[in-house]
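Down below is the structure, laid out as structure tokens.
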Number of protein chains: 2
Amino acid sequence: MANIKDIAKQAGVSISTVSYALNGSPKVTAETSARILAIAKELQYTPNAAARNLKKQETKVIGVFLSDFNGAFYGELLQGMKEGLKQSGYDLVACSGKQSHRLLPQRMIDGAIVLDESFSSEELLKYADLGHKLVVLDRDLNHPNVNQVLLDNKAGARLAVEYLIELGHRKLYVVTGPKGSFDSRQRLQAVKQVLSRHPHIQYIEMEGDFTKASGALAGLQIAQHFSEPAAVFCLNDEMAIGMYEYLTTTNIRVGRDISLIGFDNIEISQYTQPRLATIDYSKQKWGWLSSEQLLKLIAGEYVEHERIYVTLIKGDSVGAALSSHFTEPF
Amino acid sequence: MANIKDIAKQAGVSISTVSYALNGSPKVTAETSARILAIAKELQYTPNAAARNLKKQETKVIGVFLSDFNGAFYGELLQGMKEGLKQSGYDLVACSGKQSHRLLPQRMIDGAIVLDESFSSEELLKYADLGHKLVVLDRDLNHPNVNQVLLDNKAGARLAVEYLIELGHRKLYVVTGPKGSFDSRQRLQAVKQVLSRHPHIQYIEMEGDFTKASGALAGLQIAQHFSEPAAVFCLNDEMAIGMYEYLTTTNIRVGRDISLIGFDNIEISQYTQPRLATIDYSKQKWGWLSSEQLLKLIAGEYVEHERIYVTLIKGDSVGAALSSHFTEPF
DNA sequence: TTGTACGCGTTATCAT
DNA sequence: ATGATAACGCGTACAA
């Protein structure tokens with residue numbers, strides 16, 4: 001593997017001349033430069049990143065820490081991040097697992113975007129204190145070196161619950177995410193806020209973990225005690241899909257007996273019959289904005305926290321509560 | 001950010017002593033070592049990867065090049081790779097896009113696993129010639145620095161087609177993947193091999209591109225000209241699911257009018273009603289084996305190409321051709 | 001154009 | 001037996 005020294009030898013010049021030529025500096029004559037470039041190509045020269053990183057104190061790589069690589073969910077997000085890095089000269093690498101955290105403190109990456117609940121906030125703060133630049137998508141973390149790009153979870157949950165209430169539903173199941181989840185906590189908080197203004201609503205909370213399986217399980221429990229039409233708000237689509245799939249194996253009809261709404265608008269949600277009502281937001285934009293914010297942080301620019309807005313997507317998985325229920329005596 | 005020099009100053013020793021202590025060398029007394037370690041922790045010392053990589057000529061990071069981050073497909077694969085790297089001291093980073101190819105020649109990674117048709121074989125061979133270690137999952141590439149871990153595509157396609165033929169089907173649609181796809185080519189070749197032994201089978205080839213949308217489109221075309229029960233082999237599940245979803249909106253019933261089989265056994269496939277017949281293989285094992293092979297290549301060990309075996313998963317999306325068709329005169 | 005110091009950790013060599 | 005000195009890996013950038 002040829003290095004800058006080999007080229008210098010071949011060209012009969014000093015290594016600094018080679019470096020200048022390779023970097024397009026005007027300090028080298030066009031002919032010398034051309035000769036050097038030709039030799040570099042011939043020797044298949046590629047700069048050694050370690051040496052360059054060492055000198056420049058930067059790698060031009062940013063990392064994304066994900067809790068896992070599953071779900072069509074991440075695809076769009078990462079795609080958006082790449083979009084935000086286009087022509088910035090930065091590359092993106094995705095990592096998962098505690099092992100790879102070392103990339104940050106060891107400075108193999110110039111900054112990181114974090115979407116991994118299992119990455120503790122203490123650890124993140126430690127890195128931020130050491131000067132590392134971070135963008136977090138899944139927690140509230142205030143530090144000059146940390147920027148937040150968060151979903152407007154509360155607005156989303158409000159939209160969902162109010163939609164159900166408007167349609168006349170008076171019995172609401174909510175299937176939560178895992179205990180540690182920031183998104184789940186925020187969504188649940190908003191649900192409770194809305195419900196505090198509607199004390200007549202019967203509210204049943206069920207614990208899930210954002211997986212399809214936990215949604216199916218919740219569906220099973222609801223089906224077992226089914227007595228009257230009800231609304232179900234699964235705090236993410238994954239669980240809503242799990243419940244939907246379970247319910248199709250029963251007599252309970254989604255959209256008639258159970259009004260089901262999710263959160264995230266993942267790809268499958270538009271394919272269910274009837275279509276799953278859900279809360280939508282642009283994953284592309286989320287990713288794009290995150291990487292952009294990180295670049296600014298790295299550049300030392302001032303950045304304010306960003307918020308990703310959400311919208312309600314109506315779907316026939318949610319039906320109107322039958323008016324008979326209103327007229328029935330309690 | 002503290003470096004080894006700062007620690008040496010604090011401890012009143014030389015930097016080499018610090019280095020020895022940090023690396024657990026027996027050349028330093030236990031007390032000195034303990035003192036140094038304490039100071040290192042206090043100063044929150046973390047080695048600079050660039051400096052270490054420069055000296056050691058390795059990064060202990062391997063890269064995976066993917067064509068995109070979509071599809072639940074990659075999750076298990078990457079999970080498997082991580083498994084194969086456990087306790088090897090290596091970390092895994094996933095990349096996508098031509099931009100990030102630089103990580104390999106610039107030696108930011110010690111080797112790479114490639115599952116990206118858009119990464120040209122010429123480029124890969126160039127890197128291999130330069131001494132970089134590669135494992136390819138999506139092409140036939142022979143080079144001492146390249147190892148192949150390929151699916152047994154041909155066996156899978158044979159299983160699928162023979163299954164359909166055994167059930168009496170005499171009309172077969174095959175929906176292919178994109179032209180450049182190695183997997184698609186291999187599967188198609190095997191299909192034709194089997195069919196050459198069954199000249200009486202009516203064979204219709206349709207071009208797809210491995211996306212759900214292209215499967216749906218193929219389904220539309222089949223539905224428009226539907227006249228008699230037929231079998232369809234979509235060369236991946238993604239397309240089969242797309243077709244399945246489209247067909248549910250028509251009068252054509254999967255498993256009765258159209259016998260549908262896919263390839264990959266992705267997660268959704270087990271949830272369709274009726275269950276999608278498909279070809280299964282362990283994505284975990286594929287990933288695990290790939291990373292293991294790469295580690296061996298990097299270690300300079302001799303490795304032979306590996307093959308991932310496949311099995312047939314029967315499902316009610318495939319039904320027996322009605323015997324009436326046999327007794328009918330031609 | 002060129003010489004050279006620098007970034008930082010590793011390790012062989014030399015001195016105590 | 002301990003520990004210090006210095007060379008090394010490679011590219012960058014300033015001074016000469």
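- Distance A:N48 CG to C:dG7 C1': 13 Å, rounded to the nearest Å.
- For A:R52, no side-chain nitrogen or oxygen approaches OP1 or OP2 of D:dC10 to under 4.0 Å.
- In this structure, B:K5 places its NZ atom 13 Å from P of D:dA6, rounding to the nearest Å.
- Residue contacts for A:T17: at a heavy-atom cut-off of 4.0 Å it reaches a base atom on one of the strands shown.
- Residue A:P47 places its side chain closer to D:dG11 than to any other of D:dA4, C:dT1, D:dG11.
- Looking at heavy-atom distances under 4.0 Å, A:V18 makes no contact with the nucleic acid at all.
- For B:N3, counting side-chain heavy atoms from C-beta on, the closest listed nucleotide (D:dG11, C:dC8, C:dT2) is C:dC8.
- Salt bridge present: A:R102 and B:D91 bring a charged side-chain N and a carboxylate O closer than 4.0 Å.
- Of all nucleotides listed (D:dA6, C:dG7, D:dG3), D:dG3 comes nearest to the side chain of B:T32.
- Side-chain N or O atoms of B:N53 include none that pairs as donor or acceptor with a backbone N or O of B:K56 at under 3.5 Å.
- Mapping B:K27 and A:I15 onto DNA chain D by nearest heavy atom places B:K27 at the nucleotide closer to the 5' end.
- Close to D:dA4, at under 4.0 Å from its OP1 or OP2, lies no side-chain N or O of B:S16.
- For the side chain to side chain contact (heavy atoms under 4.5 Å, CB included) with A:L137, the lone residue among A:V114, A:I113, A:I308, A:D183 that qualifies is A:I113.
- Following rounding to the nearest Å, B:N53 (CG) and D:dC10 (C1') show an atom-to-atom distance of 12 Å.
- An OP1 or OP2 oxygen of D:dC8 is reached within less than 4.0 angstrom by no side-chain nitrogen or oxygen of B:Q57.
- The side chain to side chain contact (heavy atoms under 4.5 Å, CB included) test with A:M108 is passed by exactly one of B:I109, B:V93, B:V61: B:V61.
- Between A:Y20 and A:I4, it is A:I4 whose nearest contact on DNA chain D lies nearer the 5' terminus.
- When rounded to the nearest whole Å, the span between NZ of B:K56 and C1' of C:dT10 equals 8 Å.
- Contact between the side-chain N/O atoms of B:N23 and the OP1/OP2 oxygens of C:dT10 is found at a separation under 4.0 Å.
- B:K60 has its NZ atom 13 Å from the P atom of C:dT10, to the nearest Å.
- Salt bridge annotation for B:E83-B:K86: present, with a cationic side-chain nitrogen under 4.0 angstrom from a carboxylate oxygen.
- Ring geometry for A:F65 versus A:F119: interplanar angle over 60°, hence perpendicular rather than tilted (30 to 60°).
- Applying the 4.0 Å criterion to OP1 and OP2 of C:dT4, one finds that A:S14 has every side-chain N and O outside that range.
- Rounded to a whole Å, the CG atom of A:L22 is 9 Å from the P atom of D:dG11.
- Going from atom NZ of A:K55 over to atom C1' of D:dG9 covers 15 Å, rounded to whole Å.
- Rounded to whole angstrom, the span from the CD atom of A:E58 across to the C1' atom of D:dA13 amounts to 15 Å.
- In this model, the phosphate group of D:dT12 is approached by a side-chain N or O of A:S19 to a distance below 4.0 Å at OP1 or OP2.
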